[in-house]
Amino acid sequence: QLQLVESGGGLVQPGTSLRLSCEASGLSLANYSVAWFRQYPGQEREGLACISAANGGTYYLYSVKGRVNISRDNAKRLVYLQMDSLILDDTAVYYCAADRGQWCGLYFQYDYWGQGTQVTVSS
């Protein structure tokens, strides 16, 4: 019953920042751990960041650590992915995903997925 909708993608320039949003509906977001994934054409989705339901603890993919920040606002039913210092390789479809597990991980299974939002980084 949980539904996720991503927004905030678009065409951006290298070196700029972008904030993606994931809005949850149907169930209380507070009970879910949430992750952001990205997918290049023809490749598997890779986890970029996740935030736990239990204590808000976060994990980041090493390659994006320092440029990416995940946060959540349960009252607003939103999870954010702040991306700074964008590079060309950030071009991908970005998905948010959620699971009832109280602890998150970049390689955990997530049962609920959004439709994805395209981010294109180009000069």
Side-chain angles (χ1 to χ4, degrees):
Q1 190 175 353
L2 180 71
Q3 295 179 320
L4 304 172
V5 179
E6 302 95 336
S7 62
L11 177 63
V12 294
Q13 299 181 76
T16 63
S17 297
L18 189 67
R19 188 180 72 169
L20 305 181
S21 298
C22 175
E23 183 174 9
S25 63
L27 297 172
S28 176
L29 181 62
N31 297 323
Y32 292 82
S33 293
V34 182
W36 283 94
F37 289 74
R38 70 181 176 190
Q39 185 174 30
Y40 301 125
Q43 300 187 25
E44 299 290 328
R45 296 178 186 179
E46 65 174 349
L48 300 178
C50 70
I51 184 165
S52 297
N55 60 0
T58 59
Y59 292 93
Y60 295 93
L61 184 67
Y62 180 81
S63 62
V64 301
K65 190 174 184 179
R67 298 195 300 113
V68 169
N69 183 73
I70 186 171
S71 61
R72 64 192 299 160
D73 187 330
N74 292 334
K76 295 182 178 180
R77 311 194 321 272
L78 291 172
V79 179
Y80 304 102
L81 185 71
Q82 177 70 36
M83 304 176 65
D84 301 321
S85 302
L86 290 166
I87 61 177
L88 297 181
D89 284 347
D90 291 326
T91 297
V93 178
Y94 286 74
Y95 299 85
C96 64
D99 190 79
R100 284 296 299 266
Q102 294 299 293
W103 310 98
C104 83
L106 298 181
Y107 304 100
F108 288 9
Q109 179 181 345
Y110 292 88
D111 293 331
Y112 303 93
W113 293 81
Q115 82 290 344
T117 184
Q118 175 72 47
V119 173
T120 301
V121 183
S122 177
S123 60

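Residue numbers run from 1 in the order of the sequence given.
Side chain of T58 to backbone of I51: no donor-acceptor contact under 3.5 angstrom is found. At least one donor-acceptor pair closer than 3.5 Å links the side chain of S33 to the backbone N or O of G101. With S52 contributing its side chain and C104 its backbone, the two residues share a donor-acceptor pair below 3.5 Å. Between the Q115 side chain and the E6 main chain, a donor and an acceptor come within less than 3.5 Å of each other. A donor-acceptor contact shorter than 3.5 Å is absent between the side chain of R77 and the backbone of S25.
Considering Q82, M83, R67 in turn, Q82 is the only one that fulfils the side-chain contact (heavy atoms from CB on, under 4.5 Å) rule with S17.
Taken from CD in E23 to NZ in K76, the straight-line distance is 11.5 Å, to the nearest 0.5 Å. With rounding to the nearest 0.5 angstrom, the CG atom of L88 is 6.5 Å from the OG atom of S123. The distance from the CD atom of Q43 to the CZ atom of R45 is 13.0 Å, given to the nearest 0.5 Å. Here the straight-line distance linking atom CZ of R72 with atom SG of C96 works out to 11.5 Å at 0.5 Å rounding.
For the residue pair L29 and V79, the shortest heavy atom distance occurs at CD2-CG2, 3.8 Å. Among all heavy-atom pairs drawn from G9 and L20, the shortest one is N-CD2, 3.6 Å. Residues A53 and N31 approach most closely at CB-C, 3.9 Å, considering heavy atoms. Taking both residues in full, the closest heavy atoms of T91 and V121 are given as OG1-N, 2.8 Å, listed atom of the first, atom of the second, then distance.
The aromatic rings of F37 and W113 sit tilted, their planes meeting at an angle between 30° and 60°.
Side-chain contact between L61 and V68 is absent, with no heavy atoms from C-beta onward closer than 4.5 Å. Contact annotation: the side chain of N55 approaches that of W103 to within less than 4.5 Å [non-hydrogen atoms, C-beta and beyond]. The shortest distance between side-chain heavy atoms of Y59 and I70 does not fall below 4.5 Å. S122 places a side-chain heavy atom less than 4.5 Å from the side chain of L11.
Hydrophobic clustering of Ile, Leu, Val, Met, Phe, Trp and Tyr side chains at less than 4.5 Å, counting indirect connections, keeps Y110 apart from L4. Linking Ile, Leu, Val, Met, Phe, Trp and Tyr whenever their side-chain heavy atoms come within less than 4.5 Å puts L81 and V34 in one cluster. Residues L106 and F108 do not share a hydrophobic cluster, clusters being chains of Ile/Leu/Val/Met/Phe/Trp/Tyr side chains in contact below 4.5 Å. L2 and L78 are assigned to two separate hydrophobic clusters, defined by single-linkage of ILVMFWY side chains at heavy-atom distances under 4.5 Å. Hydrophobic cluster membership is shared by L86 and W36, with clusters built from Ile, Leu, Val, Met, Phe, Trp and Tyr side chains linked at under 4.5 angstrom.
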For this session: Kindly determine whether N69 and D84 satisfy side chain to side chain contact (heavy atoms under 4.5 Å, CB included), including the steps that lead there.
Result: CA-CA 9 Å; N69 183 73; D84 301 321; over 6 Å; no
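In this structure, R100 is positioned above the aromatic face of Y32, its NZ or CZ under 6.0 Å from the six-membered ring centre and within 45° of the axis.
Applying the salt bridge (Lys or Arg N to Asp or Glu O under 4.0 Å) test to R38 and every residue at least two apart in sequence or in another chain returns E46, D90.
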